[in-house]
Amino acid sequence: MAKRKRKPNRFTQSMKKKLLVVFFLVIVLLIVLIVRLFYIRYTKGEEYEKRVLNQQGYDSQTIPYERGDILDSQGTILATSVDVYNVILDCKLINEDEKYIEPTVKALVQCFPDVTEEEVKAALTEKPDSRYFVLRKRLPYEEIQAFEQLQNEVYTEGKNKGDKVNPNVQGVWFEKEYVREYPYNSLACKVLGFTTSGNVGIGGLEDYYNDTLNGINGRQYGYLNSDNNVEKTIKDAVNGQSLVTTIDINIQSIVEQKIAAFNEAHANEFTEGPGSVNTAVIVMNPQNGEILAMADSSSYDLNNPWDLSAYYTQEEIDAMDEQTTLDVLNGIWQNFCTTYTYEPGSTAKPFTVAAGLETGKLSENDEPYYCDGYEVVGGHTIKCVAYSHGGHGSETIEQAIMNSCNDALMQMAEKIGKEEFSKYQNIFNFGLRTNIDLPGEAKTDTLIKGVEEMGSADLATYSFGQNFNVTMIQLASGFCSLINGGEYYQPHLVKKIVDDNGNTVETIEPVLLKQTISKQTSDTIKGYLYNTVTSGTAKSAKVEGYSMGGKTGTAEKYPRGNQKYLVSFIGFAPVEDPEVLVYVVINEPNVENQAQSSLATNLAKDIFTELFPYMNIYKDEEDQQAIENAMSQEQDAQLSQEEQASSQENYTENIFN
């Protein structure tokens, strides 16, 4: 019987449809999966990546930025950042193999004398899984170098030539960071300020330009992949920018040395301890508002700003609570030149005269003012410095400045009127911040009465610098406009910002804010101030051979009658085209009679004497002392000739007799 032929299975239409449906379902699912993967990648990719990396050997290290330097106008570094290193233990790696522990511990103890074996083993025991254990902080590179050399030493002989001596020293690495260093310790401390942990500036330029000086940390990411290969990603740090200041380190040194010498001469005369004389000095370029030097007597070491031992005994320091210590430190860190307010005294008189001349209320052709020693204003008897002598008598405007006559100034202020007087106080920036690039500048608007509140007695006393307050930087900046032709520049300490390669990022040009007075009025005021130094109350500030101008100030402090004074002198040179201004303030000088402006003029003279040759300011007038010496020598020579002639005559007479 023949075998029956089997019919082949037919691929029915129904089966085709089912297969097509399955195919499209698979395609749709693949598309959905792909879309889902892309969605996860772009929305949660970083999160899942971190989860994966956390399951592998992972390492992350901060790369610190370097804070920018602060330099003086000549490029001398005043503040910089020095690299130091933290010793970090990877306890987990060290504990992975018993053979790593002893060699690593031994190497650490050998290279770092203050590290003990017990200390390291305790860390490995107590933190066995730690990848980041700080063993030591802020070590100089010299100490780190010894450990690195030990790790890198190799055999020079034998079958293992080229192998490391210490292949089992593992799990030790060094984290770099920076600490702030001030090469000149306390020099310019009130200008510079200092930093605390985290590169936070405290006071001075460190504070004001904190964001500019700071950079951005970088980071190094690393992990072990499935093949135990190290994968690393490095994002470099961005270093901070540096400041080129207007400060001249040599001028700053001169100022601080003279302040120290003054304090040494006076500090222990009537009070105890250093720093008891609050003396402050500003040196400026009157042509553009640049600060060349700024200092006061309460200096501190920028490398150790928390140290009080220069001012207090250890017993006194131990007795202070935390708040008292902080208050004392803030007092020492405070910059007298910008944060302390006081009554300026007679250094305000040139401003009064300038306002009168500029408004036309005063004229050089005015009849002389008569000083009888006092004025009765608003029911108050206001005395002049010459009260006990019956007054100065008849005085011109110039003589009133030269003799510092309160009586004449009160009469001038009455002619000017309170509206114009108040207007010019504002023009000269009294009561307003100068916006110098330093933190903590005091605002004195509440310490000066406006037109509405100003009475006749206020106007009278304001005319000679009493009953209203200023800061040193306010008065110095306004005074610069009196002597430079009337241009008021914003005082400033930084003239250029550069990157870490020395390339200029920004040049800070002098900012001319306003015109206070005309050049004609400025020239007239300069003439008055020249004669004040030549023949008036400021004669003791004169440096022979140099044309100088200036004004003294003696302000009686509140409460009146307590014999407490603030004395001052503000001067400039040369008179024709001023190149330097020096402002000296001595708050309650430690002498029996405090009302002696000569204390300030003598200190200013000492500063000027050293500044002139350094700044290449040449003598521009005949040296009176040299003239007197020459005249004396000529007289001696003439006398000698007469004596010789007389001797010859006597000899001749003796012969013939």
Side-chain angles (χ1 to χ4, degrees), residues 40-70 79-96 104 108 112 123-124 127-141 143-145 147-148 151-152 169-181 195-201 206 209-243 497-503 505:
I40 292 173
R41 174 69 182 85
Y42 286 102
T43 60
K44 296 187 177 181
E46 188 174 345
E47 177 184 340
Y48 286 115
E49 185 177 357
K50 288 180 180 178
R51 289 183 185 180
V52 172
L53 292 176
N54 282 335
Q55 296 172 7
Q56 304 182 50
Y58 181 75
D59 175 43
S60 175
Q61 180 181 349
T62 298
I63 302 173
Y65 64 82
E66 184 176 359
R67 187 174 171 93
D69 294 339
I70 302 177
T80 189
S81 295
V82 179
D83 52 333
V84 292
Y85 297 83
N86 301 328
V87 182
I88 309 299
L89 298 185
D90 185 339
C91 299
K92 186 173 183 179
L93 176 58
I94 299 172
N95 287 325
E96 276 184 3
T104 303
L108 288 168
F112 304 109
L124 296 175
K127 306 282 185 179
D129 296 322
S130 174
R131 308 301 299 262
Y132 184 89
F133 179 85
V134 182
L135 183 65
R136 286 293 181 273
K137 298 191 71 175
R138 297 187 172 182
L139 299 182
Y141 180 68
E143 294 189 33
I144 301 302
Q145 195 175 25
F147 190 92
E148 290 182 335
Q151 279 188 309
N152 294 329
V169 176
Q170 297 289 334
V172 180
W173 57 280
F174 304 106
E175 180 183 58
K176 183 179 181 179
E177 64 175 81
Y178 294 93
V179 294
R180 207 62 167 160
E181 185 175 275
T195 60
T196 59
S197 58
N199 282 323
V200 177
E206 293 277 27
Y209 288 95
N210 191 65
D211 291 341
T212 301
L213 290 164
N214 276 346
I216 302 172
N217 282 331
R219 201 158 188 87
Q220 176 178 293
Y221 303 92
Y223 64 92
L224 295 176
N225 60 23
S226 58
D227 297 324
N228 283 331
N229 293 320
V230 178
E231 301 285 348
K232 286 188 177 181
T233 301
I234 297 176
K235 184 179 181 181
D236 291 329
V238 178
N239 292 331
Q241 297 171 340
S242 296
L243 309 177
I497 298 173
V498 299
D499 63 21
D500 56 338
N501 293 318
N503 301 311
V505 175

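We're numbering straight along the sequence, starting at 1. Keep in mind it's a predicted model, so treat the numbers as computed, not measured.
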Query raised in the report: Would you say Leu243 and Val498 make side-chain contact, with heavy atoms under 4.5 Å?
Result: no
Query raised in the report: At what distance, to the nearest 0.5 angstrom, does CD1 of Ile94 lie from OG of Ser130?
Result: 10.0 Å
Query raised in the report: Among Val172, Leu124, Asp90, which residue meets the side chain to side chain contact (heavy atoms under 4.5 Å, CB included) test with Thr104?
Result: Val172
Report task. Could you tell me whether the side chains of Thr62 and Arg219 share a donor-acceptor contact shorter than 3.5 Å? Result -> yes
**Report entry** Min side-chain heavy-atom separation Val134-Ile88 under 4.5 Å
**Finding:** yes
Report task. Measure the acute angle between the ring planes of Tyr132 and Trp173, then classify it against the limits of 30° and 60° as parallel, tilted or perpendicular. Result -> tilted
**Report entry** Residues Ser81 and Arg67: side-chain donor-acceptor under 3.5 angstrom
**Finding:** no
Report task. Indicate whether any N or O donor in one side chain lies under 3.5 Å from an N or O acceptor in the other, for Tyr178 and Asn199. Result -> no
Requested in this report: Sequence neighbours left out, what passes salt bridge (charged side-chain N to carboxylate O under 4.0 Å, His left out) with Asp69? Give chain and number order.
Outcome: none
Query raised in the report: What closest approach, in Å, do Lys127 and Phe133 show between heavy atoms, and which atom pair accounts for it?
Result: CG-CD1, 4.1 Å
Query - CG/Asp211: more than 12 non-hydrogen atoms of other groups inside 6.0 Å - result: no
Query raised in the report: Nearest 0.5 Å, what's the NZ-CG distance between Lys176 and Asn86?
Result: 12.5 Å
**Report entry** Rounded distance [0.5 Å steps], CG in Asp236 versus CG in Asn217
**Finding:** 12.0 Å
Report task. For the residue pair Val169 and Leu108, establish whether any side-chain heavy-atom pair is separated by less than 4.5 Å. Result -> no
Query raised in the report: Rounded to the nearest 0.5 Å, how far does CD of Glu66 lie from CD of Glu177?
Result: 13.0 Å
Report task. Scan Asp500, Asp499, Asn214 and name whichever one has a side-chain hydrogen bond (donor to acceptor under 3.5 Å, both in side chains) with Asn239. Result -> Asp500
Requested in this report: Apply the test side chain to side chain contact (heavy atoms under 4.5 Å, CB included) to residues Thr195 and Val179: give CA-CA distance (whole Å), side-chain angles for both, the deciding distance (0.1 Å), then the verdict.
Outcome: CA-CA 9 Å; Thr195 60; Val179 294; over 6 Å; no
Report task. Run the ring-centre check on Phe174 versus Phe147 and record whether the distance is less than 6.0 Å. Result -> yes
Query raised in the report: For residues Asp83 and Tyr85, is any side-chain donor paired with an opposing acceptor at under 3.5 Å?
Result: yes
Query - Note, Glu206 side chain near Ile70 side chain (heavy atom, < 4.5 Å) - result: yes
Query - Rounded distance [0.5 Å steps], CG in Asn503 versus OG in Ser242 - result: 11.0 Å
Requested in this report: Show your working on side chain to side chain contact (heavy atoms under 4.5 Å, CB included) between Phe112 and Leu139 and close with a plain yes or no.
Outcome: CA-CA 10 Å; Phe112 304 109; Leu139 299 182; 3.9 Å; yes
Report summary line: Smallest heavy-atom separation, Ala237 atom then Pro64 atom, equals CB-O, 3.7 Å
Query raised in the report: Distance from Lys235 atom NZ to Ile216 atom CD1, nearest 0.5 Å?
Result: 7.5 Å
Query raised in the report: Given the rule in the side chain to side chain contact (heavy atoms under 4.5 Å, CB included) test, do Arg180 and Leu213 qualify, once you have shown the distances and angles that lead to the verdict?
Result: CA-CA 12 Å; Arg180 207 62 167 160; Leu213 290 164; 4.2 Å; yes
